[in-house]
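For reference, the structure is listed below as structure tokens.
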Amino acid sequence: MGNSVKVFPAAHGDCFLLKVCGKTGIRYVLIDGGKGELCHKELKAEFVKLDKKNQCIDLLIVTHIDDDHIAGIIKLYKDKKINTSIINKVWFNSGNLISNKLDQIEMNNRDFYLNSDHSSKKMSVRQGITLEGVLNDTGVWYEDLIFSDQLHNLDGITLRILSPDTETLRELNTRWDSEMEKLIKKRANNKKMSSTTDYHKTINELSNEEFEEDSSLFNKSSIAFLLEYENCRLLMLGDAHPSIVVSSLKKLGYSEKNKLKLDLMKISHHASKKNTSPELLELLDCEKFIVSSDGSKHGLPNKQSLARIVSILNRPVTFYFNYSSMKKIFTSQECTEYKITCIYLNSSKDYTVEV
């Protein structure tokens, strides 16, 4: 049995299960919990399967507190039919953890327990603090901050943390209340999220557009890491900002002349055009990319981000989508001309990419 990544149908969110053959056996790393009933159903089935085989989730990584990453984890812990005790360790940079570890004053409004349902209309920060309450009772929460330059080992499997950096965590700690207020106003206004896409534009048009980085502080605080084991390398970027990832990779010695060779990369922030920069792509040697999005929010994935990958890497590439509705992004002519392969994962393939 080889290494693989299960890309759950997580609506407009993220949920991945990494299966890696470590030194002494198979290890499982769950990243985020996605959104929606289908994702929960698939995730629940996976837990049942692992439980029956007496296997476990060696590590659960909650990348950041945005609703489309954390909602499914909260639902997971609330479902009494799911044996969450098979989760051995959790990484989660919660509000209180950030405050405590950075020697700042702990804010009273950061500590809430899970005592009511939280629909998609609830704010991301509240979801972050409710998960914190749940994890306090599990005994498996790794109550230390996860940040760049750290190296963690799991049965010989190396996880190099690329994001967030400590500066971002300090910024989030300082601005926690103001960021919470922004989210409250956003949800109160109940604005319809734009679903306008750029799929009508050509790869040539889009690849020439200027890059502008994401401004979201919560995305900036996302955990991103490089997983390495023997000859396998996976780059899992959450919703991280490319400038922070680039800085970390350069510290590791990667450059345009010494590129990071990857087996698979999960494109940051559902392939938003603001989270995959030319500077990042210039450091990479990769042919396979995961795109997690059903296209229902913010017009994601942006074709511009994918066009940038195709143009800068200038080689045949494969995109793995977890929804067949993404067939509308590229024309057949573009796929032929630029040697693009699009694979649409589904239940018949168990939503899985072999690496």
Side-chain angles (χ1 to χ4, degrees), residues 4-19 25-97 109-144 146 154 183 187 223 238 292 294 296 322 346-347 350-352:
S4 66
V5 179
K6 182 165 183 174
V7 187
F8 289 87
H12 57 278
D14 272 2
C15 184
F16 309 100
L17 183 63
L18 313 186
K19 185 182 81 171
I26 298 173
R27 301 297 175 180
Y28 291 92
V29 178
L30 178 63
I31 306 171
D32 293 329
K35 292 275 291 182
E37 290 301 323
L38 180 57
C39 184
H40 182 69
K41 179 183 175 183
E42 289 288 335
L43 196 52
K44 185 174 183 176
E46 202 66 50
F47 266 71
V48 170
K49 189 190 308 180
L50 291 174
D51 197 16
K52 285 182 177 179
K53 293 180 180 179
N54 292 317
Q55 294 176 316
C56 64
I57 301 291
D58 296 278
L59 176 63
L60 163 61
I61 302 173
V62 182
T63 60
H64 61 304
I65 65 173
D66 272 351
D67 173 76
D68 55 334
H69 295 254
I70 203 171
I73 297 300
I74 294 174
K75 193 168 185 177
L76 187 73
Y77 275 103
K78 288 185 68 176
D79 192 331
K80 301 304 180 183
K81 294 182 179 179
I82 297 178
N83 180 14
T84 54
S85 69
I86 69 170
I87 299 173
N88 285 348
K89 182 184 285 189
V90 181
W91 288 355
F92 174 49
N93 288 338
S94 75
N96 277 327
L97 187 62
N109 62 358
R110 294 188 186 181
D111 191 15
F112 290 85
Y113 281 80
L114 185 60
N115 53 17
S116 61
D117 289 331
H118 291 271
S119 69
S120 61
K121 293 182 180 179
K122 297 294 182 181
M123 56 189 176
S124 298
V125 174
R126 174 58 66 89
Q127 297 213 345
I129 52 191
T130 51
L131 178 59
E132 181 174 12
V134 171
L135 294 179
N136 276 331
D137 295 333
T138 65
V140 296
W141 185 12
Y142 177 77
E143 293 186 70
D144 211 342
I146 302 297
L154 173 63
L183 285 173
R187 297 299 183 185
I223 295 173
S292 179
D294 65 353
S296 64
N322 53 349
N346 52 44
S347 58
D350 197 30
Y351 298 99
T352 298

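It should be emphasised that the depicted structure is a prediction, and the values quoted were computed from it without experimental measurement.
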Is the shortest side-chain heavy-atom distance between [X] and [Y] below 4.5 Å?
| X | Y | result |
| --- | --- | --- |
| Phe16 | Val29 | no |
| Ser85 | Thr138 | no |
| Leu154 | Lys89 | no |

To the nearest 0.5 Å, tell me how far [X] [atom1] sits from [Y] [atom2].
| X | Y | atom1 | atom2 | result |
| --- | --- | --- | --- | --- |
| Tyr351 | Ser4 | OH | OG | 15.5 Å |
| Ile146 | Trp91 | CD1 | CH2 | 4.5 Å |
| Leu97 | Tyr142 | CG | OH | 10.0 Å |
| Ile61 | Asp14 | CD1 | CG | 12.0 Å |
| Leu30 | Phe8 | CG | CZ | 6.5 Å |
| Cys56 | Arg27 | SG | CZ | 6.5 Å |

Between Glu37 and Lys75, is there a side-chain N and carboxylate O pair less than 4.0 Å apart? yes

If you compare all heavy atoms of [X] against all heavy atoms of [Y], which two are closest, and at what distance to 0.1 Å?
| X | Y | result |
| --- | --- | --- |
| Ile26 | Asp58 | O-OD2, 4.2 Å |
| Asp68 | His12 | OD2-O, 3.2 Å |
| Ile70 | Ile65 | CG2-O, 3.7 Å |
| Thr63 | Gly238 | CG2-CA, 4.4 Å |
| Cys39 | Pro9 | CB-O, 3.2 Å |
| Gly13 | Ser292 | O-OG, 2.8 Å |

Keeping the roles fixed (side chain from Trp141, backbone from Phe92), state whether a donor-acceptor pair exists under 3.5 Å. yes

Side chains of Asp294 and Ser296 only: does a donor on one sit below 3.5 Å from an acceptor on the other? yes

Over 12 non-hydrogen atoms of neighbours within 6.0 angstrom of NZ in Lys44: yes

Going by the side-chain contact (heavy atoms from CB on, under 4.5 Å) test, name the single residue among Ile57, Val7, Ile31 that passes it with Leu17.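 Looking at Ile57, Val7, Ile31, the match for Leu17 under the side-chain contact (heavy atoms from CB on, under 4.5 Å) is Ile57.
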
What verdict does the side-chain contact (heavy atoms from CB on, under 4.5 Å) test give for His69 and Ile223, after you've listed the backbone C-alpha separation in whole Å, the side-chain angles of each residue and the deciding distance to 0.1 Å? CA-CA 12 Å; His69 295 254; Ile223 295 173; over 6 Å; no

side-chain contact (heavy atoms from CB on, under 4.5 Å) evaluation trace for Tyr77 with Leu131: CA-CA 9 Å; Tyr77 275 103; Leu131 178 59; 4.2 Å; yes

Step by step, work out the side-chain contact (heavy atoms from CB on, under 4.5 Å) result for Gln55 and Ile86. CA-CA 7 Å; Gln55 294 176 316; Ile86 69 170; over 6 Å; no

Given side-chain contact (heavy atoms from CB on, under 4.5 Å), test Ile73 with Val90 step by step and report yes or no. CA-CA 11 Å; Ile73 297 300; Val90 181; over 6 Å; no

Knowing that exactly one of Thr352, Asp350, Asn322 qualifies, which makes a side-chain hydrogen bond (donor to acceptor under 3.5 Å, both in side chains) with Lys6?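 It is Asp350; the other options fail the test.
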
